[in-house]
Amino acid sequence: MTQEQVNQLVSANVDKIAPEYVEQIRERLLNADEGTAQAAFASLKGTTAMTLIAWLLGGWGVDRFMLGDTGLGVAKLLTCAGCGIWGIIDIFTASSRTKKYNAKKILASL
């Protein structure tokens, strides 16, 4: 991909990616073909949607299951979200966890 294409793709999705991974993603995108790059960005999870899911279904660990944290999802489910405390914390951290999940998913597919 060209530098301009990389910049467009990253800037269109910068709100869904953790800032500490942006440079790594840019470097890998320069060496990737356009089809692979588009596929890597196709199924990113939205931070607002994940925060809403953490708010509504977090007590059952659904937010953790959706981000691939199966073990923590089961633990959260069995402990009733840590008697509610864990659930409250996850509401406030859902956005940053989603951004890291998206960045790692992109890097794995490139």
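Computation of the quantities below employed the complete heavy-atom set of this structure, encompassing side-chain atoms and omitting hydrogens, waters and symmetry-equivalent molecules. Residue numbers start at 1 and run along the sequence shown.
Under the side chain to side chain contact (heavy atoms under 4.5 Å, CB included) criterion, Arg97 pairs with Asp63, Arg64, Leu67, Asp90, Thr93, Ala94, sequence neighbours left out. In this view, Lys100 and Ala18, Glu20, Tyr21 satisfy the side chain to side chain contact (heavy atoms under 4.5 Å, CB included) rule, not counting sequence neighbours. For the side chain to side chain contact (heavy atoms under 4.5 Å, CB included) test, residues two or more places apart in sequence or in another chain that qualify with Asn7 are Gln3, Arg26. Every side chain to side chain contact (heavy atoms under 4.5 Å, CB included) that Leu56 has, sequence neighbours left out, goes to Leu52.
Across all their heavy atoms, Ala54 and Ile91 have their closest contact at O-CG1, 3.8 Å. Nearest heavy atoms, Phe65 versus Trp60: CE1-O, 3.8 Å. In this structure, Leu110 and Ala32 approach most closely via the heavy-atom pair CD2-CB, 4.0 Å.
The other members of the hydrophobic cluster of Ile89, by chain and number, are Ile85 (side-chain heavy atoms under 4.5 Å, ILVMFWY only).
Separating the NZ atom in Lys99 from the CG atom in Asn13 is a distance of 12.0 Å, to the nearest 0.5 Å. One distance of note links CZ of Arg28 with OG of Ser109; it measures 9.0 Å at 0.5 Å rounding. For the atom pair Leu107 CG and Glu27 CD, the distance stands at 10.0 Å (nearest 0.5 Å). Taking CD1 of Ile88 as the reference point, atom CH2 of Trp55 lies at 8.0 Å (rounded to 0.5 Å). Between the OG1 atom of Thr98 and the CG atom of Asp15 there is a distance of 11.5 Å, given to the nearest 0.5 Å. Atom CD1 of Ile17 sits about 11.5 Å away from atom OG1 of Thr47, to the nearest 0.5 Å.
Neither Val14 nor Tyr101 shares a network with the other; the hydrophobic side chains, linked directly or stepwise wherever heavy atoms of I, L, V, M, F, W or Y lie under 4.5 Å apart, form separate groups for each. Hydrophobic clustering (side-chain heavy atoms under 4.5 Å, transitive across Ile, Leu, Val, Met, Phe, Trp, Tyr) groups Leu30 together with Val22.
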Show which side-chain atoms of residues 37-45 pair as donor or acceptor with protein atoms under 3.5 Å away, not counting sequence neighbours.
unit_1 : atom_1 : unit_2 : atom_2 : d
Ser43  : OG     : Lys105 : NZ     : 2.9

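A donor-acceptor pair is defined here as one N or O able to donate and one able to accept, closer than 3.5 Å; such a pair exists between the side chain of Asp33 and the backbone of Thr36. No donor-acceptor pair closer than 3.5 Å links the side chain of Lys16 to the backbone N or O of Asn102.
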Side chain to side chain contact (heavy atoms under 4.5 Å, CB included) between Thr2 and Val6, intermediate numbers included: CA-CA 6 Å; Thr2 65; Val6 169; over 6 Å; no
